[in-house]
Every structure is written in C-alpha cells, then in structure tokens.
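Just so you know, these numbers come straight off a predicted model, no measurement behind them.
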Amino acid sequence: MLDIQFIRDNPDLVQEKSKQKNVIVNIVDLLKLDEKRRILQTNIEELREQRNKLTAGFTGKPSTEDIEKGSKLKAEIAEIEAQLLPIETDYFKLLKQVPNIPLDDVPVGETEEQNKVTKTWGDKKEFDFKPKTHWEIGESRGLIDKERAAKISGARFTYIKGGLVELEFALIQFVMSTLGDSNIIEQIIKENQLNLVSKAFIPVLPPMMMRTTPYTATGRLKAEEITYKLADDDLWLIASAEHSMVSMYMNEILERQDLPIRYIAYSTSFRREAGTYGKDTNGITRMHHFNKLEMEVFSDGSSALDEHLLLIGAQEYITQKLAIPYRVILKCTADIGSPNARGVDIDMWLPGQEVYKESHTADYMTDYQSRDLKIRTRAQDGTIELVHTNDATALALERTLAAIIENYQTKDGQIIVPECLRPFMGGKEQI
RNA sequence: GGAAGGGUGACCGAGUGGUCGAUGGUGAUAGUCUUGAAAACUAUUGAGCCCGCAAGGGUUCCGUGGGUUCGAAUCCCACCCCUUCCGCCA
C-alpha cells in the first residue's frame with residue numbers, strides 16, 4: 001500500500017495517478033476516514049492513559065470507588081473502540097485500493113495499445129518453407145498431448161513429453177547456472193552501465209501454496225480472475241513464485257550489509273484464467289499451470305531502479321543466448337499492476353504464428369509491497385526504512401518451449417537444440 | 001490424524017493477576033584502562049501508531065485472534081507453528 005502521509009500531502013497527485021492506472025478510488029473519502037480515525041484513536045489513547053495511571057498505583061485490591069472509576073473508563077473505551085472499528089475497516093479497504101505511483105517515464109495510457117516498444121532485437125529467420133506453429137509440430141510428433149489432458153483435467157492442460165521435457169530441464173539448468181555466476185552478473189551490470197554489486201542470484205524452490213494473510217499483503221491476490229483456492233484449507237495455489245518469494249521476509253528487518261538479496265526461484269504457477277475464454281486456445285502458451293523461473297530482489301531504495309534494469313538486462317542476456325528474436329515493451333500506466341511503479345515486458349517472436357508473444361515481465365514496486373509486508377532494513381545510522389522490491393521472469397518455460405519449437409524447426413518437423421542448451425542435454429543437437 | 005510438551009526482545013533465558021515493554025546473560029555500539037589487543041569495568045542497545053514545528057509526551061505489541069478483570073506475558077476459548085512419541089507417507 002501507499003504511505004498515508006504521502007497521500008495526505010499529495011491528494012491531487014494520488015487521485016490523478018490512480019485515474020491514469022484505471023483504478024477508481026476516492027481520495028477525498030479516504031482522507032475523511034483518515035481524519036475521523038485519528039480523532040477517535042487519540043480519544044481512546046487519552047482514556048487509556050487515564051486508566052493506566054489509575055491502575056498503576058494499585059498493589060492489591062483497590063477501593064470500591066476506584067473500581068467504579070475503572071469500570072466507567074472501561075465502558076467509555078469500549079464505546080469509542082466500537083465506533084472506530086468500522087471506520088478503520090473502511091479506511092484500510094480504501095487505502096489498499098490506492099495503487100502505486102508510476103515513475104515519470106511510464107507512458108500514460110488507457111489500454112495496452114499505449115504500451116511503447118523501446119527495442120527490437122534479433123533477425124527473424126528466413127525459412128525456405130512455411131514455418132509451422134508449435135502445436136502443429138508438437139502434436140504431430142507426440143511431444144504435446146492436449147486431447148488426453150482435456151479428458152483428465154479439462155481445457156488449458158497438457159501432457160508435455162519426450163524431447164520437450166529434456167529441453168525444459170536444460171532451460172532450468174541453463175538459467176540457474178547463468179544467474180548463479182557472478183562474472184556474468186558483472187558483465188550485465190557493465191553492459192547496462194548500472195551502479196550495482198555483482199552478486200550472484202541464489203537458487204530457491206519456494207512453497208507453491210500460501211495463506212491468505214501474506215498473499216493479501218503482496219497485493220497480488222486476485223481470487224476471481226487468477227488465484228486458485230483450496231477448499232478445505234486456508235491456502236491458495238501461487239500464481240507466480242513472486243508471491244511466496246516477496247513475502248519470505250514479511251515482518252523482518254534486514255541488515256543493510258546483506259542487501260541486495262537476489263533470488264532465482266523455480267516453481268509452477270497456477271492460474272484460473274477466468275475471463276480469457278477463447279484467447280490462446282491453441283498450443284501451450286496459456287495453461288492453467290506452467291513452470292517458471294522467477295527473479296526476486298530485495299534492495300534499498302537508492303539502488304532499486306538499477307536492480308530493475310539489471311533484471312531486464314538478465315532477461316535480455318538469456319533470450320539472446322537462446323537466439324530468439326524479441327522486443328522490449330515499456331508498459332503504460334493502465335497495463336502495469338496496481339503495486340507497480342514501472343513494468344516492462346519482453347515478447348518473443350513466434351514465426352509459426354507470425355506474432356510477438358509476451359514471455360517476460362519485470363515489475364518494480366518501490367516500497368509499495370514492503371509497506372504491507374513490513375519488510376524493512378536498518379541503515380548505518382540505525383534508522384529503519386522500507387526495502388524496495390523487484391521481481392521479473394527469468395524464463396517462462398512452456399512459452400519458451402513454444403518459441404524454441406517455432407524458431408528452431410526444420411522442414412521435416414525436427415527441432416534444433418539452441419547451442420547454449422546442448423551442454424545440459426549431453427551434447428544433443430536436435431530433438 | 002492421536003498423545004504429551006512448548007512458542008517471551010538480534011540470540012539464550014527468567015517471569016503464573018497489580019509501576020512488567022518485561023530480571024539476568026550473550027551479542028552489538030561507545031567509553032575507561034592498555035604501546036596495541038584481550039580481559040575487566042561503565043554506559044547505550046526492539047518495533048508500530050497517535051499528538052507536536054521541535055523538544056518531548058502518549059499508546060499498542062510477550063505465536064495469532066477473541067474473552068474474563070478495575071488491572072493480563074500471567075486466567076479462559078479458538079486457531080497457527082515448533083519439538084518428541086504413535087499412525088500414515090515420498
């Protein structure tokens with residue numbers, strides 16, 4: 001959530017920026033509730049002070065007169081507390097709806113149409129035959145079986161088989177070894193002219209279910225459209241490793257010398273995909289669960305924007321090693337998430353479909369998530385500050401498989417293994 | 001899932017109704033002493049919120065949420081987590 005003090009000081013700005021993000025929230029109402037809340041809170045605290053002073057002197061059973069005084073105070077406190085409760089409920093509900101403020105370079109826009117392509121990389125391969133889609137190749141060669149998956153699980157599920165599985169495991173190892181190498185991190189930092197330490201990413205296998213309280217605090221729980229809930233437990237299936245990664249340090253104070261903390265997490269992501277009927281029904285680019293390598297960084301505010309750019313640099317490095325053409329997109333105010341201050345997508349080129357398809361996202365949240373999660377850091381002078389959080393896709397594995405199939409296909413339906421993956425596949429050159 | 005024990009500050013650990021936000025120790029920081037270091041000694045050392053320009057004052061927090069009471073770390077209820085044993089299991 002946003003800092004209430006900041007909202008009090010900049011109500012018009014916050015109202016305007018919320019509108020730019022297509023978020024309907026009434027800042028005037030919020031500030032009225034805030035004022036009511038503070039008046040009642042002050043009242044309660046004054047009464048409590050009286051009560052504390054009254055009981056502080058007692059060593060045994062107090063006089064009847066004092067007990068009466070205490071009873072009266074107790075009743076008064078209870079009455080005001082009862083008034084405060086619904087106001088606080090409404091207040092927090094509204095406050096949590098207020099989105100993060102986008103950075104100045106985020107384009108203002110109402111739909112994804114206003115996203116800006118900032119870079120295009122790679123030469124699209126010229127095929128001397130008509131390139132096929134990944135599902136034509138995958139289904140004809142028995143590497144993808146959605147029909148049987150539909151019988152068992154319904155739409156948007158698949159069996160992935162054979163060489164594609166080898167390819168997926170090779171991708172995992174390739175990414176882990178790349179991001180785990182501080183020399184490569186240093187190279188990416190230099191190429192992007194960033195002012196950062198060249199610390200390697202630590203691999204993590206995070207929990208894939210989490211409770212309502214931490215999930216809500218991430219600002220990412222969207223029960224209707226995205227998140228699956230377990231019926232008999234207070235548990236949700238994570239829609240991204242980001243969600244159980246960013247909440248990892250909830251309620252903690254991190255030592256400044258330990259920052260930045262960089263993680264590369266592998267997990268399955270589960271998504272209901274409600275409201276996407278008819279979209280991406282072919283192939284394996286929109287399944288109810290998919291596997292993903294996700295970067296998560298905790299840093300101080302001064303270096304957080306550079307960390308965001310590092311994560312994008314890492315995405316590009318990996319995609320370039322795979323030699324898949326892509327474009328980089330700076331998302332507009334309406335298309336970045338509510339907790340985001342900035343968001344960048346990378347779209348990989350799919351020659352079988354002749355489209356760029358979203359494969360990566362990089363999200364910079366400033367201190368918006370950490371305020372709710374209470375993730376702080378102690379500066380050298382002892383003052384406590386909120387950390388800044390960054391997350392970004394390292395690789396969405398099934399979408400990358402689709403891109404490899406379509407970009408590396410041969411006329412007879414074979415798939416050439418990208419060179420950077422061969423060391424992880426026993427030198428195999430095609431599948 | 002069943003039985004028993006337990007969750008207190010960065011860490012260890014006292015505290016079973018009344019100045020307890022919490023004894024003591026460790027660690028950390030500063031100082032004294034020392035050529036320097038160690039040791040010893042002294043002091044400081046949790047977080048959130050509210051009021052205030054500030055100085056400062058107040059309030060809340062002892063796993064979480066309720067309750068009893070004039071007063072709760074301490075009593076009651078529910079839940080969560082940890083440990084051990086049994087059961088089940090990869």
- Task: Determine, for nucleotides 61-74 of chain B in 5'-to-3' order, which nucleotides have protein heavy atoms under 4.0 Å from the base (write B), from only the sugar-phosphate (write S), or from neither (write -).
- Result: --------BBS---

If the [atom1] atom of [N] is compared with that of [M], how far apart are they to the nearest Å?
{"N": "A28(B)", "M": "A37(B)", "atom1": "P", "value": "15 Å"}
{"N": "A39(B)", "M": "A72(B)", "atom1": "P", "value": "44 Å"}
{"N": "U64(B)", "M": "A73(B)", "atom1": "P", "value": "12 Å"}
{"N": "A14(B)", "M": "G24(B)", "atom1": "C1'", "value": "7 Å"}
{"N": "C50(B)", "M": "G66(B)", "atom1": "C1'", "value": "25 Å"}
{"N": "A4(B)", "M": "A10(B)", "atom1": "C1'", "value": "31 Å"}
{"N": "C80(B)", "M": "G65(B)", "atom1": "P", "value": "15 Å"}
{"N": "C76(B)", "M": "G6(B)", "atom1": "P", "value": "13 Å"}

Under 4.0 Å between a side-chain nitrogen and a carboxylate oxygen: does that hold for [X] and [Y]?
{"X": "Asp233(A)", "Y": "Arg211(A)", "answer": "no"}
{"X": "Glu49(A)", "Y": "Lys53(A)", "answer": "yes"}
{"X": "Glu252(A)", "Y": "Lys374(A)", "answer": "no"}

Short N/O separations, protein against nucleotides 79-83 of chain B, under 3.5 angstrom:
from   : atom 1 : to        : atom 2 : distance (Å)
C80(B) : O3'    : Arg211(A) : NH2    : 2.7
C80(B) : O2'    : Arg211(A) : NH1    : 3.1
C80(B) : O2'    : Arg211(A) : NH2    : 3.1
C81(B) : OP1    : Arg211(A) : NH2    : 3.4

- Excluding sequence neighbours, so at least two apart, what forms ring-ring contact (aromatic ring centres under 6.0 Å, His included) with Phe157(A)?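 Here the qualifying residues are His288(A), His289(A).
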
Could you list the residues that satisfy side chain to side chain donor-acceptor pair (under 3.5 Å) with [X], not counting sequence neighbours?
{"X": "Tyr263(A)", "value": "Tyr249(A)"}
{"X": "Gln5(A)", "value": "Arg8(A), Asp9(A)"}
{"X": "Asn291(A)", "value": "Glu168(A), Thr268(A), Glu398(A)"}
{"X": "Arg286(A)", "value": "Glu273(A), Asp280(A)"}

- Query: Do side-chain atoms of Arg148(A) reach the backbone of Tyr159(A) as a donor and acceptor pair under 3.5 angstrom?
  - Reply: no

- Ignoring hydrogens and angles, tell me if any N or O in the side chain of Asn192(A) forms a donor-acceptor pair with the backbone of Leu194(A) under 3.5 Å. no

[X] [atom1] - [N] [atom2] separation (whole Å):
{"X": "Gln50(A)", "N": "U60(B)", "atom1": "CD", "atom2": "P", "result": "13 Å"}
{"X": "Leu84(A)", "N": "U60(B)", "atom1": "CG", "atom2": "C1'", "result": "13 Å"}
{"X": "Ile77(A)", "N": "U59(B)", "atom1": "CD1", "atom2": "C1'", "result": "11 Å"}
{"X": "Asn43(A)", "N": "G58(B)", "atom1": "CG", "atom2": "P", "result": "18 Å"}

- Counting any heavy atom closer than 4.0 Å, what does Asp234(A) reach on the DNA or RNA strands: base, sugar-phosphate only, or nothing?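 Asp234(A): no heavy atom of the nucleic acid under 4.0 Å.
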
Dump every N/O contact between nucleotides 45-54 of chain B and the protein below 3.5 Å, one line per pair.
from   : atom 1 : to        : atom 2 : distance (Å)
A47(B) : OP1    : Arg378(A) : NH1    : 3.4
A47(B) : O3'    : Arg376(A) : NH1    : 3.2
A47(B) : O2'    : Arg376(A) : NH1    : 3.0
C49(B) : O2'    : Gln41(A)  : NE2    : 2.8
C50(B) : OP1    : Arg8(A)   : NH2    : 3.4
C50(B) : O4'    : Gln41(A)  : NE2    : 3.3
C50(B) : O2'    : Thr42(A)  : OG1    : 2.9
C51(B) : OP1    : Arg38(A)  : NE     : 2.8
C51(B) : OP1    : Arg38(A)  : NH2    : 3.0

- So side-chain hydrogen bond (donor to acceptor under 3.5 Å, both in side chains) across residues 18-28 of chain A, not counting sequence neighbours, yields Glu16(A)-Gln20(A), Asn26(A)-Asp29(A)

- Going by the side chain to side chain donor-acceptor pair (under 3.5 Å) test, name the single residue among Asn390(A), Thr389(A), Asp391(A), Asp363(A) that passes it with Gln369(A).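 The side chain to side chain donor-acceptor pair (under 3.5 Å) with Gln369(A) is passed solely by Thr389(A) among Asn390(A), Thr389(A), Asp391(A), Asp363(A).
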
- Item | Range-with-range stems for RNA chain B, at least three Watson-Crick or G-U pairs under 3.5 Å |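 RNA chain B forms these stems: B:1-7 with B:80-86, B:10-12 with B:24-26, B:27-32 with B:40-45, B:46-51 with B:56-61, B:63-67 with B:75-79.
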
Check residues 75-88 of chain A and write down every donor-acceptor pair under 3.5 Å in which the side-chain atom is one partner and the other belongs to a residue at least two apart or another chain.
from     : atom 1 : to       : atom 2 : distance (Å)
Glu81(A) : OE2    : Arg48(A) : NH2    : 2.9

- Using the test side chain to side chain contact (heavy atoms under 4.5 Å, CB included), find all partners of Ser359(A) that sit at least two apart in sequence or belong to another chain. Ile346(A), Met348(A)

- Task: Would you tell me if any nitrogen or oxygen in the side chain of Asn52(A) comes within less than 4.0 Å of OP1 or OP2 on U59(B)?
- Result: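 Checking U59(B) against Asn52(A), a side-chain N or O does come within under 4.0 Å of OP1 or OP2.
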
